[in-house]
Protein chains: 2
Amino acid sequence: MLATITQALPRLSPSERRVGRWILEHPKEAANTTLARLARECETSEPTVVRFCRHVGLAGFRELAIRLTEALSSPTTYVHRDVGPDDSTSDAVIKVMDASIQSLIEMRSQLSSMPIDETVIAMKSARQIAFAGLGASGHVASDACHKFFRLGIPCSSLHDIPMILQFAAITQPDDVLVLLSHSGRWQDFARAAKLAKKRGATVVALTNPDSGVAREASLLFPCPLIEDTSVYTPMSSRLAQLALLDAIHVALALAQGDAASENLRRSKDALNIELS
Amino acid sequence: MLATITQALPRLSPSERRVGRWILEHPKEAANTTLARLARECETSEPTVVRFCRHVGLAGFRELAIRLTEALSSPTTYVHRDVGPDDSTSDAVIKVMDASIQSLIEMRSQLSSMPIDETVIAMKSARQIAFAGLGASGHVASDACHKFFRLGIPCSSLHDIPMILQFAAITQPDDVLVLLSHSGRWQDFARAAKLAKKRGATVVALTNPDSGVAREASLLFPCPLIEDTSVYTPMSSRLAQLALLDAIHVALALAQGDAASENLRRSKDALNIELS
DNA sequence: TTATTGATGTAATTTTACTACATGCTGGCC
DNA sequence: GGCCAGCATGTAGTAAAATTACATCAATAA
């Protein structure tokens, strides 16, 4: 819109050009001012402003207001910016949300290159699924466990190295081990992956693609590691992992068909009785 | 804007709700129609439409037009659509991600109306913070606990009704109790909130604004309940809760200033030693 | 100089948003 | 059951804003 005005500027009459220039200089004010005020501001009359609108291809002054707000409402990009100590509270929380949104958008764009179908196939016929994670990822593991068990598949979540290693040591070929790690740098995770894979189990990893764990996994969901430039950097990659597990969960439910709907509905009903 | 309307719908009068629904169904038309036409379309009178605008927090009909064009021009691509049994796997996972992204974007747009500052003030001088949640929200609670304790404030997470009630019964005035509930309909939660508030503690609730828990809370973060039209509906509101807690966490860290940076850096260093 | 065309402003008209007030309905209370 | 308070809704009027018709002025060409 603003570009259209700039382009039209030369072939306008002097007074109209004044109008155009004022709008270009104060687009924000122009967006929701009144015809009378705009005319006064440009030291001209109201009809001239209307004529200006016609000349730049609009139906009238009203449309100008609409087009301007349209042009001004920024193309809302949720770019990641670090939070610094000087940010006001409201700035900071917006930045945190933006970072989270951004990481989900990135994850979404990479969904097609992820081995979702293979994972679903492995899980569908799994004897059991174990979700392993330490620290923050431990909560993701619990959450996933809680979610997948409602599909009727035996699930467990493992929160420390000894348990993970023990589990890996006793896996069977139709077991699935899901490893959740932010950095993917825990040596013991890679060892567990190697061990479980050797025993025939499927090892799914949601982790930094450039890591030992990633190399040992049978199925890899790459979750790029966001370098922590600031101590305030939020745990947005954890959100992305959760969303990814949601997606896998739904895909698995779909693959199971009626059985899954039935299980989900039952567990939901069980809750509804207790509610109210 | 559209989200704001959706959220406001339940507490409007019938005719005003008709207006809201029509706008949600035909946002594009509504964006540049006239007051008279909109009133006719909704089979109501012009003042009712104006009253509707006031009730959703706008100055008048004119502002509605501006806000609507604003909302429409930003590419709202991540609209929530339900997953059905006929969806292909790739369709389904994309939809799940979209729903998650959408819920975060909505949450972001409503951040300004949330009592973040008040919460931060209460938490900053808190003797202890407890995060309470059942089921899926329990994992959110654990996660939050794990996150906030690194700021040097004693934290705990509570996962069952008896614990929550016991905690509420022994709270002190400078304690903070954070209640996490999807529906907000658990009676015992509301009871715990009442009890803790009576003892002078600050009760923060992240829940459905139209619920008993919400009514009893001292500080409310409204998390609109997405009606589960389909069993496949993902737990995207849980993601929004997590992101919101991230935001509060960062805001609190900023408020603490140097002390927080120090605590965060130390706990990060502690991890880095074990990694490598 | 005068007629003509285009630019610009004045004033009237119409449209539009908003407001004050009246009506009608619902739910509680005597 | 009747009465009143409070709320929802509509009618009619008002103020303001946008648009249009028309008059005036300036510049150019005959």
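Note that the coordinates shown come from a computational prediction; the quantities given were computed from them, not determined experimentally. Basis for what follows: all heavy atoms, side chains included, without hydrogens, waters or symmetry-related copies. Throughout, protein chains are lettered first and strands after them, A, B, ... in sequence-line order, and every chain is numbered starting at 1.
For R54(A) and dT20(D), the shortest distance from a side-chain N or O to OP1 or OP2 is below 4.0 Å. At the phosphate of dT9(D), neither OP1 nor OP2 sits under 4.0 Å from any side-chain N or O atom of S45(B). Contact annotation: T48(A) side-chain N/O to dT8(C) OP1/OP2 distance is not under 4.0 Å. Considering only side-chain N and O atoms, T44(A) lies under 4.0 angstrom from the phosphate OP1 or OP2 of dG9(C). Neither OP1 nor OP2 of dT15(C) sits under 4.0 Å from any side-chain N or O of T34(B). OP1 and OP2 of dC7(D) both lie 4.0 Å or more from every side-chain N or O belonging to S13(B).
The pair E25(B)-R21(B) does not count as a salt bridge, with every side-chain nitrogen at least 4.0 angstrom from each carboxylate oxygen. Using a 4.0 Å cut-off between charged side-chain N and carboxylate O, R238(A) and D143(B) make a salt bridge. Under a 4.0 Å N-O distance rule, the pair R191(B)/E216(B) does not qualify as a salt bridge.
Here the nucleotide nearest the side chain of R62(B), chosen from dA18(D), dA17(C), dA21(D), is dA17(C).
The CG atom of L35(B) sits 17 Å away from the P atom of dA16(D) (whole-angstrom rounding). Following rounding to the nearest Å, R17(B) (CZ) and dT9(D) (P) show an atom-to-atom distance of 9 Å. Remark: C1' of dA17(C) and CD1 of I66(B) are 13 Å apart, rounded to the nearest angstrom. The distance from atom CD of E63(A) to atom C1' of dA18(D) is 14 Å, rounded to the nearest whole Å. Rounded to whole Å, atom C1' of dG9(C) lies 14 Å from atom CD of E43(A). Atom CD of E46(B) and atom C1' of dA12(D) are 11 Å apart (whole Å). Distance L12(A) CG to dT8(C) C1': 14 Å, rounded to the nearest Å. The CZ atom of F52(B) sits 16 Å away from the C1' atom of dA8(D) (whole-angstrom rounding).
With hydrogens and angles ignored, a donor-acceptor pair closer than 3.5 Å exists between the side chain of R51(B) and the base of dG10(D).
Aromatic rings from F52(B) and F61(B) are positioned such that their centres are separated by 6.0 Å or more.
S137(B) places no side-chain N or O within donor-acceptor distance of the main-chain N or O of V140(B), the cut-off being under 3.5 Å.
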